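To start, the structure itself, in structure tokens.
For clarity, every value in this text was computed on a predicted model and none was experimentally measured. Values below: all heavy atoms of this structure, side chains included; hydrogens, waters and symmetry mates excluded.
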Amino acid sequence: MKLLLDTHIWLWSLGEPQRLSRRVAKELDDRQNELWLSPISMWEAFLLFRKKRVRISTDFTTWLATSLSTLPVVEAPLTFEVARTLPAISVPREDPADLFLAATARAFDLTLITADGNLLKTEGISVLAN
């Protein structure tokens, strides 16, 4: 299965794995699954770090490099295809990051892992609820 990690799922898997459901933890540990991450999630993590809503013990660049080596992921690039998919996505509460993540899931045929109620209600994409 090809799984796109929502930002909070990625952060929880790195720092608060107890917040992951058993099913999600199992899927993340399954080496047969591909774990995908969007640069949008990196941007969101950076904003959370800058606002001091996420605490890390080093600078963001070092933390990011360590994070990417700890949890190997496939880059889910922001492409023209993702942008062309945006009009087909209707997220109940249009958060720009959520919209891009949903469009990425659809464009690359990925299952989005999330605990976000708005994304769980988004039609036209495959989701795995935490």
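- The shortest side-chain heavy-atom distance between Leu68 and Met42 falls under the 4.5 Å cut-off.
- Here Leu20 contributes atom CG and Lys26 contributes atom NZ; the two are 14.5 Å apart, rounded to the nearest 0.5 Å.
- Contacts of Leu48 classified as side chain to side chain contact (heavy atoms under 4.5 Å, CB included), with partners at least two apart in sequence or in another chain: Leu11, Arg53, Val54.
- Heavy-atom minimum distance, Glu81 versus Ala107: CG-CB, 4.0 Å.
- Residue pairs meeting the ring pair (Phe, Tyr, Trp, His ring centres under 6.0 Å) criterion with at least one member in residues 21-52, sequence neighbours excluded, are Trp36-Phe108, Phe46-Phe60, Phe49-Phe60.
- Residues that satisfy the side chain to side chain contact (heavy atoms under 4.5 Å, CB included) test with Thr70, not counting sequence neighbours, are Leu14, Thr66.
- Note: Leu5 CG to Leu35 CG = 5.5 Å, rounded to the nearest 0.5 Å.
- Nearest heavy atom pair, residue Leu4 against residue Ala105, reads CD2-N, 3.9 Å.
- Within 6.0 Å of the CD atom in Gln32, the count of heavy atoms belonging to other residues, nucleotides or ligands does not exceed 12.
- Between the CG atom of Leu64 and the CG atom of Asp59 there is a distance of 10.0 Å, given to the nearest 0.5 Å.
- In plain terms, the two heavy atoms of Ile89 and Val91 that are nearest each other are CG2-CG2, 3.7 Å.
- Residue Arg106 comes nearest to Ala88 through the heavy atom pair NH1-O, 3.4 Å, listed as atom of the first residue, atom of the second, then distance.
- Distance CG/Leu37 to OG/Ser67: 9.5 Å, rounded to 0.5 Å.
- With sequence neighbours left out, the side chain to side chain contact (heavy atoms under 4.5 Å, CB included) criterion links Asp109 to no other residue.
- Across all their heavy atoms, Ala83 and Pro87 have their closest contact at O-CD, 3.7 Å.
- Contacts of Ser57 classified as side chain to side chain contact (heavy atoms under 4.5 Å, CB included), with partners at least two apart in sequence or in another chain: none.
- Of all heavy-atom pairs spanning Ser41 and Thr7, the tightest one is OG-OG1, 2.9 Å.
- Leu71 has its side chain out of reach of Leu28: every pair of non-hydrogen atoms, C-beta onward, lies at least 4.5 Å apart.
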Show me, pair by pair, the donor-acceptor contacts under 3.5 angstrom made by side chains of residues 122-130, not counting sequence neighbours?
{"from": "Thr122", "atom 1": "OG1", "to": "Asn118", "atom 2": "O", "distance (Å)": "3.0"}
{"from": "Thr122", "atom 1": "OG1", "to": "Leu119", "atom 2": "O", "distance (Å)": "3.4"}
{"from": "Ser126", "atom 1": "OG", "to": "Thr111", "atom 2": "OG1", "distance (Å)": "3.0"}
{"from": "Asn130", "atom 1": "OD1", "to": "Ser21", "atom 2": "N", "distance (Å)": "2.7"}
{"from": "Asn130", "atom 1": "OD1", "to": "Ser21", "atom 2": "OG", "distance (Å)": "3.4"}
{"from": "Asn130", "atom 1": "ND2", "to": "Arg19", "atom 2": "O", "distance (Å)": "3.1"}

Side chain to side chain contact (heavy atoms under 4.5 Å, CB included) between Ile113 and Asp6, intermediate numbers included: CA-CA 6 Å; Ile113 302 179; Asp6 196 350; 6.0 Å; no
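- Atom CZ of Phe100 sits about 11.5 Å away from atom CG of Asp95, to the nearest 0.5 Å.
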